[in-house]
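Encoded as structure tokens, the structure appears first; notes follow it.
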Amino acid sequence: MTALPLSAATMMLLLLALPGAAQRRPVDTPPAVTTIRTEVRVQRVILRVPRAPFAPVAYSAPRALPPIQWVEKRTDRCVPLQNLAAVTINRTDSVDLLLSSGGRVRARLADDCPSLDFVSGLYIRPSGDGRMCASRDVIRSRSGGQCRIAAFRALVPAR
């Protein structure tokens, strides 16, 4: 069987049948030349911050270390998103953010928002500046709820 040359109309029909063809639009050009331009638009980006894994308990340890007591200190109003590593839940009114540098920051949540919604981690829609800021941004739970961040506090071990 020999291959037949395809006409321009047949080529256009084949191109329209390809996946994503609804996004393709011909550009206004002279009728002799047909140009197709493809546009891709990202509607939204959401970052997922996983919950920190629990450390396994060693049954053969002679004595367990007491849990670390954290003291809240003043800190910046914003946290760079690239520094977030994980999240822990220690209180009902806040979540603790573990930073890639080893530090901790407590995100205090608005009054009507329990932290228990974030058991499986949290989701953040990044802003243009790449930071998560108090009184501006919200964190989202996997179930679809969202909480406004009221304030950030740096956490340091008590002496």
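Worth saying up front: this structure is predicted, and the values here are computed from it rather than measured. Each residue takes its place number in the sequence, starting with 1.
- In the hydrophobic clustering of this structure, Val138 does not group with Val105; members are Ile, Leu, Val, Met, Phe, Trp, Tyr whose side-chain heavy atoms approach within less than 4.5 Å, directly or through other members.
- Note that the CD1 atom of Ile124 and the CD1 atom of Ile149 stand 6.5 Å from one another [nearest 0.5 Å].
- Atoms SG and CG, on Cys133 and Leu81 in that order, are 8.5 Å from each other to the nearest 0.5 Å.
- Closest heavy-atom contact between Met132 and Asp137: CA-OD2, 3.2 Å.
- A distance of 11.0 Å separates CZ in Arg108 from CG in Asp96, rounded to the nearest 0.5 Å.
- There is no side-chain donor-acceptor pair under 3.5 Å between Arg153 and Ser94.
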Step-by-step side-chain contact (heavy atoms from CB on, under 4.5 Å) determination, Asn83 to Leu97: CA-CA 10 Å; Asn83 293 352; Leu97 304 171; over 6 Å; no
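- One hydrophobic cluster, built from ILVMFWY side chains closer than 4.5 Å, holds both Ile89 and Val79.
- Residues Val71 and Gln69 fail the side-chain proximity criterion, which asks for heavy atoms closer than 4.5 Å.
- In this structure, the side chains of Arg140 and Cys147 stay at 4.5 Å or more apart for every pair of heavy atoms.
- Checking side-chain atoms of Asp129 against main-chain N and O of Arg131 turns up a donor-acceptor pair under 3.5 Å.
- Between the CG atom of Leu84 and the CG atom of Leu122 there is a distance of 8.0 Å, given to the nearest 0.5 Å.
- Looking at Leu109 and Ile139, their side chains come closer than 4.5 Å, going by heavy atoms from C-beta outward.
- The heavy-atom pair separating Gln82 from Ser100 by the smallest distance is O-OG, 4.2 Å.
- Scored by the side chain to side chain contact (heavy atoms under 4.5 Å, CB included) test, Ala151 finds no partners at all (sequence neighbours excluded).
- Residues Leu99 and Trp70 fall into different hydrophobic clusters, defined by Ile, Leu, Val, Met, Phe, Trp and Tyr side chains chained together at heavy-atom separations under 4.5 Å.
- Using a 4.0 Å cut-off between charged side-chain N and carboxylate O, Asp93 and Arg106 make no salt bridge.
- Contact between Phe152 and Ala107 at its shortest, heavy atoms only, is CE2-CB, 3.7 Å.
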